[in-house]
Amino acid sequence: MTRIEHDKIVVRKMIELYCHHHLKANSIPPDYQHLIEYTAQRLEHCRFGEQKRSCKSCPVHCYAPKEREDIRRVMLWSGPRMIFYYPKDAILHLLKG
């Protein structure tokens with residue numbers, strides 16, 4: 001699995017975790033489905049490709065302001081909880097940094 005594919009899976013899991021536990025939604029709301037698709041599209045077109053670092057430490061901010069704020073909110077909430085729900089993904093994500 002490539003780095004980009006793994007990052008897409010991890011972001012999707014983070015958004016699903018946020019929607020299910022924080023928003024108490026049984027399914028993913030349309031705004032968050034859009035965010036999943038948007039992040040996947042941005043990852044596909046990342047200029048750094050497989051050598052990319054985490055988006056937080058990237059010198060190029062390719063997200064639109066609204067999506068950047070949305071994903072930041074999701075990651076701030078989901079990030080610390082990933083270790084409990086998806087420990088393998090959380091550890092790999094931290095190591096790849």
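All values below come from the heavy atoms of this structure, side chains included, with hydrogens, waters and symmetry mates left out. Keep in mind it's a predicted model, so treat the numbers as computed, not measured.
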Original post:
side chain to side chain contact (heavy atoms under 4.5 Å, CB included) between Leu35 and Val74: does it pass, once the steps are laid out?
Top reply: CA-CA 10 Å; Leu35 190 58; Val74 167; 4.2 Å; yes
Original post:
Can you check side chain to side chain contact (heavy atoms under 4.5 Å, CB included) on Glu67 and His34, steps first, answer last?
Top reply: CA-CA 9 Å; Glu67 284 79 4; His34 164 74; 2.9 Å; yes
Original post:
Stepwise, does the side chain to side chain contact (heavy atoms under 4.5 Å, CB included) test hold for Arg12 with Glu16?
Top reply: CA-CA 6 Å; Arg12 180 179 188 86; Glu16 288 173 347; 3.0 Å; yes
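Not one N or O on the side chain of Ser78 forms a donor-acceptor pair closer than 3.5 Å with the backbone of Met75. Remark: side-chain polar atoms of Tyr32 are not paired, donor with acceptor, to backbone N or O of Ser27 under 3.5 angstrom. A donor-acceptor pair is defined here as one N or O able to donate and one able to accept, closer than 3.5 Å; no such pair exists between the side chain of Glu69 and the backbone of Lys66.
Note that SG of Cys62 is 6.5 Å distant from OH of Tyr38, once rounded to the nearest 0.5 Å. Once rounded to the nearest 0.5 Å, the distance linking CD1 of Ile28 with NE2 of His20 reads 11.0 Å. The NE2 atom of His22 lies 11.0 Å from the CG atom of Leu76; values are rounded to the nearest 0.5 Å. Note that CG of Asp70 is 11.0 Å distant from OG1 of Thr39, once rounded to the nearest 0.5 Å. Between the CD atom in Glu44 and the NZ atom in Lys8 there is a gap of 3.5 Å [rounded to 0.5 Å]. One finds the SG atom of Cys19 at 9.5 Å from the CG atom of Asp31 (value rounded to the nearest 0.5 Å).
Asp7 pairs by the side chain to side chain contact (heavy atoms under 4.5 Å, CB included) definition with Arg3, Leu43, Lys52, His93, not counting sequence neighbours. Remark: Ala90 engages Met82, Ile83 in a side chain to side chain contact (heavy atoms under 4.5 Å, CB included) (not counting sequence neighbours). For His6, the side chain to side chain contact (heavy atoms under 4.5 Å, CB included) partners at least two apart in sequence or on another chain are Met1, Val10, Asp89, Leu92, Lys96.
Linking Ile, Leu, Val, Met, Phe, Trp and Tyr whenever their side-chain heavy atoms come within less than 4.5 Å puts Val11 and Leu95 in one cluster. Cluster membership check: Met14 shares its hydrophobic cluster with Ile91, using side-chain heavy-atom separations under 4.5 Å among Ile, Leu, Val, Met, Phe, Trp and Tyr.
Using a 4.5 Å heavy-atom cutoff, the side chains of Tyr85 and Lys13 are not in contact.
For Tyr63, the OH atom counts as densely surrounded, since its 6.0 Å shell holds more than 12 non-hydrogen atoms of other residues, nucleotides or ligands.
Looking at every heavy atom in both residues, Pro29 comes nearest to Leu23 through CG-CD1, 4.4 Å.
Seen from the ring of Trp77, Arg81 counts as a face-on cation partner, given the 6.0 Å and 45° thresholds.
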